[in-house]
Amino acid sequence: MRLSHCLEMATNPVLLLINPWIYDFAAYDFFARPLGLLYLASYLSSQGYAVHLLDCLDTPQARTGAFGTGRYPKEIIPTPEALRGIPRRYGRYGIREADFKARLAALPRPDAILVTSLMTYWYPGVQAAISLAREQFPAAPVILGGIYATLCPEHAREHSGADAVVTGPGEAALVHQLAALGLPGPALLPLGALDSQPYPALDLLFHLPYLPLLTSRGCPLDCSYCASRLLQPRYQRRQPSAVVEELRHWQSRLNLRDVAFYDDALLLDAENHLLVILEELAKQDLSFRFHTPNGLHARLITPEVARWLHRAPFKTLRLGVETVALGSARLDRKLQAGELEAALRYLQEAGFRGEKIGVYLLMGLPHQEENEISHSIRRVKELGGAPVLAQYAPIPGTALWPQAVAASRYDLASDPLFHNNSLFPCWPQFSWERYSRLKRLASD
Ligand code: B12
Ligand code: SF4
């Protein structure tokens with residue numbers, strides 16, 4: 001068995017990159033790979049660092065689902081004190097701790113350890129990974145970045161155990177960080193536009209049933225519950241031809257045909273972007289199946305877009321809709337009257353079966369009434385779509401945060417554990433019955 005994957009050049013400074021475990025009540029691999037960290041891996045190795053990856057979520061699934069999705073293995077662990085009383089079993093998702101230690105022990109001593117982070121409320125996984133890595137390599141400085149680090153930097157500085165916490169996109173920040181650590185390495189060259197970046201180091205993963213793909217970064221909209229702007233302040237797009245080239249590269253190298261888009265705003269200016277990509281793939285006779293685990297903007301679905309999505313083909317289709325309520329009740333900037341109706345009609349006319357068109361509805365928003373959600377569920381069904389309930393996770397720094405704090409029965413600002421969407425932190429009380437009722441209504 002290979003103990004670690006490495007992009008290596010002999011005698012070059014060694015970096016260990018870690019994607020920590022998920023600590024939560026629930027987690028599912030719905031096309032999730034640590035793409036940010038994999039981008040950093042290829043950047044660093046292109047600059048002469050020997051890069052080792054230890055991905056705690058890179059493991060055979062406990063149960064497989066469609067298109068390479070599936071359940072992560074889960075080990076039940078004690079529920080943190082702050083979350084006692086939640087009637088669900090808390091756990092660590094991913095590889096076993098013993099495997100993590102064995103893999104660490106097999107690695108060369110790193111000059112620095114770079115740790116990524118995803119959901120804010122998964123920080124116990126970050127703490128655990130950092131603490132074990134420090135036991136093995138006490139002299140190596142630890143740099144933490146990623147989504148938790150960006151959204152909760154103070155908390156991360158105080159509690160993660162890292163020596164440095166970096167916010168925002170890591171490429172530019174690492175140029176300074178690695179220099180400040182006085183690492184005996186090459187000076188990192190700053191990157192230019194998105195297309196000048198090397199492809200993410202997907203080949204470092206052991207288990208890769210699908211290709212995670214970004215054709216843009218950020219989003220020009222600013223929905224009140226979303227952190228996109230805080231994470232990627234500038235909306236940037238790649239050249240369609242560069243995206244096609246990347247897909248061709250990975251298909252010939254890894255022989256994969258499922259592709260999951262990670263873009264925040266994939267359908268913006270589709271006629272000059274996504275449709276150009278799909279058309280070129282068709283011309284070159286390249287065959288893929290596409291998935292949008294992140295929602296697409298319903299209002300941007302025109303008859304032509306719908307036809308291309310069907311032809312491509314898009315096999316997992318999700319529209320990000322939040323609620324069917326209109327006017328001031330809306331918290332996003334995504335939908336006007338009649339737009340959801342039109343989108344679903346165009347998709348069905350293009351050949352999608354209704355039950356294949358997932359419509360994300362957000363539940364658990366501050367002051368959201370149950371009947372608003374049940375109305376949305378019924379309306380989506382009437383229109384022939386499939387409602388998919390997503391649970392709201394409050395995010396510091398977003399416009400909705402103050403309302404979330406005021407509505408919550410937890411002290412949201414005191415501990416990111418309370419951001420966990422499984423708690424329905426902004427409902428007046430956790431109501432398993434209400435949740436089950438709505439779930440049933442959505443799936444009946
Ligand atoms: C793609 C995506 C997903 C994918 C999977 C992502 C994955 N890798 O696991 C899917 C669709 C499955 C998903 C699901 C969910 N997601 Co999501 N997702 C995203 C999204 C759109 C992009 C993340 C991404 O890959 N970006 C691209 C890479 C290149 O960027 P990056 O990871 O940030 O990395 C860069 C920097 O952070 C930094 N960096 C990263 N690591 C490191 C390390 C070091 C050392 C340094 C220096 C720098 C650094 O450099 C990188 C390169 O520039 C973000 C929003 C966003 N715009 O970021 C939301 C986001 C992370 N998701 C969010 C949420 C709420 C969810 C869900 C809970 C939604 C729901 N209600 O069901 C679920 C839960 C997932 C689960 N498994 O349980 C929230 C986070 C909330 C929180 N409290 O933390 C976000 C921020 C969206 C939002 N609403 O604002 N998600
Ligand atoms: S459109 Fe999506 S990514 Fe953009 S701000 Fe709104 S929720 Fe966030």
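To the nearest 0.5 Å, atom CZ of residue Arg92 and atom CH2 of residue Trp122 are 15.5 Å apart. Note: Leu83 CG to Tyr121 OH = 12.0 Å, rounded to the nearest 0.5 Å. With rounding to the nearest 0.5 Å, the separation of CZ in Phe288 from NZ in Lys315 is 15.5 Å. Taken to the nearest 0.5 Å, the OH atom of Tyr199 stands 12.0 Å off from the CG atom of Leu211. A distance of 12.5 Å separates CG of Asp444 from NZ of Lys439, quoted to the nearest 0.5 Å. Of the inter-residue distances, the one linking Leu53 atom CG with Ser45 atom OG reads 11.5 Å to the nearest 0.5 angstrom.
Within a 6.0 Å radius of CZ in Arg84, other residues, nucleotides and ligands contribute more than 12 heavy atoms. Few gaps surround NZ on Lys381; more than 12 heavy atoms of other groups in view lie less than 6.0 Å from it. Remark: Asn255 CG is loosely packed, at most 12 non-hydrogen atoms of other residues, nucleotides or ligands lying under 6.0 Å away. Counting non-hydrogen atoms of neighbouring residues, nucleotides and ligands closer than 6.0 angstrom, the CZ atom of Arg157 exceeds 12 such neighbours. The number of heavy atoms from other shown groups lying within 6.0 Å of CZ (Arg437) is above 12.
Closest approach of Ala404 and Tyr392 over heavy atoms only: CB-OH, 3.7 Å. Residue Ala343 comes nearest to Leu319 through the heavy atom pair CB-CD1, 4.5 Å, listed as atom of the first residue, atom of the second, then distance. Heavy atoms only, all atoms of each residue included: Ala442 and Ile377 are closest at CA-CG2, 3.6 Å. The two residues Pro200 and Ser42 make their nearest non-hydrogen contact at CA-OG, 3.8 Å. Across every non-hydrogen atom of Leu300 and Val305, the tightest pair is O-CG2, 3.8 Å. Counting all heavy atoms, side chain and backbone alike, Gly68 lies closest to Tyr210 at O-CE2, 3.5 Å.
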Start with the C-alpha distance between Phe100 and Trp21, add both sets of side-chain angles, then the distance that settles ring pair (Phe, Tyr, Trp, His ring centres under 6.0 Å), and finish with yes or no. CA-CA 10 Å; Phe100 183 81; Trp21 290 280; 4.7 Å; yes

Checking His291 against Phe67 for the ring pair (Phe, Tyr, Trp, His ring centres under 6.0 Å) test, could you report, in this order, the C-alpha distance in whole Å, the side-chain angles of both residues, the deciding distance, and whether it holds? CA-CA 9 Å; His291 310 275; Phe67 306 115; 4.5 Å; yes

For a side-chain contact (heavy atoms from CB on, under 4.5 Å) check, start with the C-alpha distance between Met363 and Glu372, then their side-chain angles and the critical distance, and finish with the verdict. CA-CA 9 Å; Met363 67 172 165; Glu372 183 203 309; over 6 Å; no

Walk me through it: do Asp263 and Ser216 pass the test side-chain hydrogen bond (donor to acceptor under 3.5 Å, both in side chains)? CA-CA 6 Å; Asp263 297 57; Ser216 62; 2.6 Å; yes

Before you tell me yes or no, could you show the steps for Ser131 and Gln127 under side-chain contact (heavy atoms from CB on, under 4.5 Å), namely the whole-Å CA-CA distance, both residues' side-chain angles and the distance that decides it to 0.1 Å? CA-CA 6 Å; Ser131 150; Gln127 288 173 323; 6.0 Å; no

Run the side-chain contact (heavy atoms from CB on, under 4.5 Å) check on Tyr148 and Leu118 step by step: do they pass? CA-CA 6 Å; Tyr148 155 63; Leu118 206 64; over 6 Å; no

What verdict does the salt bridge (charged side-chain N to carboxylate O under 4.0 Å, His left out) test give for Glu171 and Arg217, after you've listed the backbone C-alpha separation in whole Å, the side-chain angles of each residue and the deciding distance to 0.1 Å? CA-CA 13 Å; Glu171 290 83 353; Arg217 297 223 184 160; 3.7 Å; yes

Does Leu309 form a side-chain contact (heavy atoms from CB on, under 4.5 Å) with Phe352? I'd like the steps, not just the answer. CA-CA 9 Å; Leu309 295 180; Phe352 283 101; 3.9 Å; yes

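Contact annotation: the side chain of Leu281 approaches that of Leu247 to within less than 4.5 Å [non-hydrogen atoms, C-beta and beyond]. No side-chain heavy atom of Tyr346 sits less than 4.5 Å from a side-chain heavy atom of Glu304. Two residues are said to be in side-chain contact when any heavy atoms from C-beta on lie closer than 4.5 Å; Val359 and Leu344 meet this criterion. Here the side chains of Phe30 and Thr316 are in contact, with some heavy-atom distance below 4.5 Å. With a 4.5 Å cut-off on side-chain heavy atoms, Gln232 and Cys219 do not count as touching. A heavy-atom distance below 4.5 Å is not found between the side chains of Thr167 and Leu230. Residues Met119 and Ile147 form no side-chain contact, since every pair of their non-hydrogen atoms from C-beta on lies 4.5 Å or further apart. A heavy-atom distance below 4.5 Å is not found between the side chains of Leu114 and Leu16.
Of the N and O atoms on the side chains of Gln251 and Arg257, not one donor lies less than 3.5 Å from an acceptor on the other residue. Looking at Thr116 and Asn19, their side chains never bring a donor and an acceptor atom within 3.5 Å of each other. His273 and Thr215 are linked by a side-chain donor-acceptor pair at a separation below 3.5 angstrom, with hydrogens and angles left out of the test. For the residue pair Tyr90 and Asn420, no side-chain donor N or O sits within less than 3.5 Å of a side-chain acceptor on the partner.
Cation-pi contact between Arg318 and Tyr360: present, with separation from the ring centre below 6.0 Å and deviation from the ring axis of at most 45°. Note that Arg434 lies in the cation-pi zone of Trp427, set by a 6.0 Å cut-off to the ring centre and a 45° limit from the axis. Note that Arg96 lies outside the cation-pi zone of Tyr72, set by a 6.0 Å cut-off to the ring centre and a 45° limit from the axis.
For the pair Ser117 (side chain) and Tyr123 (backbone), a donor-acceptor distance under 3.5 Å is absent. Remark: the backbone N or O of Leu383 is paired with a side-chain donor or acceptor of Gln348 at under 3.5 angstrom. Between the side chain of Ser224 and the backbone N or O of Leu400 there is no donor-acceptor pair closer than 3.5 Å. Checking side-chain atoms of Arg33 against main-chain N and O of Asp58 turns up no donor-acceptor pair under 3.5 Å. Checked by atom type and distance alone, the side chain of Lys74 pairs as donor or acceptor with a backbone atom of Phe25 at under 3.5 Å. Panel note: side chain Gln197, backbone Tyr39; no donor-acceptor pair is recorded below 3.5 Å. With hydrogens and angles ignored, the 3.5 Å screen pairs a side-chain donor or acceptor of Gln368 with a backbone N or O of Leu362. The closest donor-acceptor contact from the side chain of Gln391 to the backbone of Asn421 lies under 3.5 Å. With hydrogens and angles ignored, the 3.5 Å screen pairs a side-chain donor or acceptor of His310 with a backbone N or O of Ala350.
Between Glu349 and Arg307 no salt bridge is recorded (no basic side-chain N to carboxylate O distance below 4.0 Å). The existence of a salt bridge linking Arg379 and Glu341 is confirmed by a sub-4.0 Å separation between a basic side-chain nitrogen and an acidic carboxylate oxygen. For Arg237 and Asp269, the salt-bridge test passes: some basic side-chain N is under 4.0 Å from an acidic carboxylate O. Ion pairing between Arg253 and Asp203 holds under the 4.0 Å rule for side-chain N and carboxylate O.
Across Gln61, Arg71, His207, a single residue satisfies side-chain hydrogen bond (donor to acceptor under 3.5 Å, both in side chains) together with Asp29, and that is Gln61.
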